[in-house]
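See below for the structure under consideration.
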Amino acid sequence: MPEAKEPIGVVGVGWVGLVTAACFAELGHDVWARDIDHEKVARLTRGEVPIHEPGLPELVARNRERLHFTTEMAPVLEHARLLFCCVDTPPTYSGDADLSRVEAVVSELADPDDHALVMKSTVPVGTGASIKRRLPGLHYVSNPEFLKEGSAIEDFLHPDRVVIGADSDSEAFADRVEALYAPLGAPVVRTDVASAEMIKLASNAFLATKISFINEIANVCEEVGADVAEVARGMGLDERIGPHFLRAGAGYGGSCFPKDVQALKQLAGNSGYHFQLLTAVIDVNELQKRRLVGKLQKHLGSLVGKEVALLGIAFKPNTDDVREATSLVLAGRLQSEGATVRAYDPVARERARPLLANAKLCDSALEALEGADAAVLVTEWQEFRELDWEGTVKRVMRRPIIVDGRNFLDRDALRAAGFVYEGVGR
Ligand code: UDX
């Protein structure tokens with residue numbers, strides 16, 4: 001008889017928690033997943049998936065028998081010894097991470113017994129140590145996630161690396177966590193808790209730095225007549241640099257980069273170190289989000305009374321996540337300059353509605369473009385490439401002006417068709 005697989009506990013069934021639960025179930029584990037949101041648990045129990053993530057509904061459906069959703073902690077503690085903490089840690093006003101949800105989970109483990117808390121939530125360096133000071137018997141393993149929205153399942157099942165941090169008293173539990181990932185065949189980084197926590201923050205901060213760096217190169221390219229896409233291609237072939245995360249555009253957004261860069265800067269500041277580079281990375285990103293407005297003004301002059309179509313609202317394609325999305329900053333900026341904003345996104349409209357109260361939300365790209373003085377492409381959804389730009393779009397727009405915030409459209413074809421085309425850094 002095959003050996004029974006380690007049962008898993010997941011606490012916090014948001015995006016990270018649900019992906020984690022579904023993927024461990026896919027690997028053959030029984031998973032007890034707990035969330036305090038009764039409605040969410042009821043929907044999950046009915047087999048509904050409340051978030052947009054490609055492949056997730058299929059994975060949840062395929063593994064229904066192994067996935068047990070609950071609002072209570074007791075069944076999780078009863079069935080599983082490894083408790084993956086996946087609650088969110090949103091930023092506070094000061095930029096520190098809000099750990100109240102993590103604290104709430106810890107308080108429910110008052111008698112830690114033979115369980116281990118496995119931290120997937122992104123937390124400041126030192127969180128593990130401080131939790132262990134308060135609950136000395138608790139076994140604690142740091143196991144940060146590196147999932148990208150839109151490809152989270154692929155990222156979970158085919159990771160570049162698995163990071164597992166534990167101090168000497170929790171090594172046996174860390175071994176059990178490592179065993180869970182063994183079928184994936186990925187390199188495993190075994191380290192101490194503080195270093196594991198830092199690997200997560202430093203990785204995201206480095207990637208954000210790469211983006212702000214290429215965005216500044218793009219801004220200089222515009223001044224000196226170089227093309228940032230060509231520059232990135234030439235740079236990326238250097239193995240020490242690598243080709244990824246060198247796409248210039250309208251700034252990074254989402255639920256991780258802005259929060260984690262800020263959190264690392266804040267963490268350094270709290271310990272008396274001024275992280276100069278990250279201060280610049282954040283400033284460059286904020287300016288980059290606004291720069292597209294200047295590109296519009298170059299061609300339209302004053303924006304008072306002008307109609308601007310925003311193509312894309314989500315912070316990146318294949319997600320309905322609008323957190324820290326460039327579109328929101330841009331819409332506010334355009335409106336304060338006197339423009340009317342008409343926005344369209346294939347999936348993020350409903351989520352964006354409360355945040356874009358003064359903009360018209362359209363049901364199609366063409367509806368947004370009809371009568372527009374200019375179009376701004378903010379999110380590189382594939383369907384925007386497939387629009388009939390030379391025909392229908394050109395006919396319905398009042399003026400054929402396109403600002404392509406992601407260098408996504410066919411510049412030469414659009415210019416040949418009579419559009420005024422502005423990209424980023426070219
Ligand atoms: C990111 C990390 O990649 C992931 O490892 C971590 O766990 C969570 O944060 P995600 O937020 O889903 O994942 O998005 P990602 O695909 O990494 O893109 C982040 C932002 O950077 C997007 O706004 C994207 O448009 C922007 N970006 C990315 C660029 O502007 N240029 C690039 O070259 C790459």
Side-chain angles (χ1 to χ4, degrees), residues 14-17 19-20 51-54 56 86 88-91 97 119-123 143-156 158-163 196-197 199-219 228-229 231-233 235-236 241-264 281-282 284-289 291-292 312-330 345 348 377-381 404-408 423-425:
W15 176 77
V16 171
V19 170
T20 300
I51 51 174
H52 181 92
E53 180 60 38
L56 189 55
C86 302
D88 59 338
T89 51
M119 190 58 67
K120 273 222 176 282
S121 306
T122 303
V123 293
N143 176 218
E145 53 85 14
F146 300 96
L147 308 173
K148 297 185 288 299
E149 292 183 28
S151 61
I153 290 161
E154 173 72 16
D155 292 344
F156 190 102
H158 305 281
D160 288 346
R161 82 300 209 183
V162 172
V163 175
E197 292 169 341
I199 288 171
K200 166 71 189 205
L201 286 181
S203 298
N204 275 356
F206 185 79
L207 291 170
T209 304
K210 229 177 156 183
I211 298 172
S212 277
F213 180 85
I214 200 68
N215 281 338
E216 288 218 282
I217 294 290
N219 299 343
V228 72
V231 175
R233 187 160 67 95
M235 287 169 63
I241 298 174
H244 306 293
F245 273 73
L246 284 179
R247 274 179 289 112
Y252 61 78
S255 63
C256 287
F257 284 175
K259 164 177 91 96
D260 292 351
V261 176
Q262 189 65 43
L264 181 50
V281 168
I282 294 166
V284 168
N285 197 52
E286 289 309 310
L287 286 173
Q288 201 68 14
K289 288 183 175 180
R291 267 178 74 89
L292 301 184
I313 304 173
F315 85 96
K316 67 173 192 178
N318 302 320
T319 174
D320 63 349
D321 196 337
V322 297
R323 282 176 286 181
E324 304 283 337
T326 296
S327 61
L328 306 180
V329 176
L330 210 54
D345 189 283
L377 186 141
V378 195
T379 317
E380 61 275 39
W381 284 101
D404 182 354
R406 302 288 171 191
N407 291 339
F408 183 63
V424 176

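All ligand and atom numbering here is 1-based and tracks the order in the structure.
Across the listed options Arg247, Lys210, Glu145, Arg247 owns the non-hydrogen atom lying nearest to atom 32 (C) of ligand 1. Comparing heavy-atom distances from atom 9 (O) of ligand 1 across Ala208, Gly150, Cys256, Ala248 singles out Cys256 as nearest. The closest non-hydrogen atom to atom 26 (C) of ligand 1, taken over Ile211, Thr379, Thr326, comes from Ile211.
More than 12 heavy-atom neighbours from other residues, nucleotides or ligands sit within 6.0 angstrom of CZ on Phe146.
Atoms of ligand 1 found under 4.0 Å from any heavy atom of Glu149 (numbered from 1 in listed order, with element): 12 (O). Close approach to Leu246 involves these atoms of ligand 1, each under 4.0 Å from a residue heavy atom: 33 (O). In the vicinity of Lys200, heavy-atom distances shorter than 4.0 Å reach the ligand 1 atoms 6 (C), 7 (O).
Between Leu147 and ligand 1, an N or O atom pair is found at a separation short of 3.5 Å. Between Phe257 and ligand 1, a contact under 3.5 Å exists for no N or O pair. Between Tyr252 and ligand 1, a contact under 3.5 Å exists for no N or O pair.
Contact annotation: Glu324 has no heavy atom less than 4.0 Å from any atom of ligand 1. In this structure, Gly254 has no heavy atom closer than 4.0 Å to ligand 1. A heavy-atom separation below 4.0 Å is found between Arg406 and ligand 1. Within the 4.0 Å heavy-atom shell around ligand 1 one does not find Gly249.
Pro54 and Ile153 get closest at one heavy-atom pair: O-CD1, 3.5 Å.
Listed for the Lys289 side chain is a donor-acceptor partner under 3.5 Å among the backbone atoms of Glu324.
Classification of Lys316 and Glu380 as a salt-bridged pair fails, no side-chain N sitting under 4.0 Å from a carboxylate O.
Residues Ile214 and Val228 have side chains in contact (heavy-atom distance under 4.5 Å, counting atoms from C-beta outward). The closest side-chain heavy-atom distance from Leu377 to Arg406 is below 4.5 Å.
At a heavy-atom distance under 4.0 Å, only side-chain atoms of Lys316, from C-beta outward, approach ligand 1.
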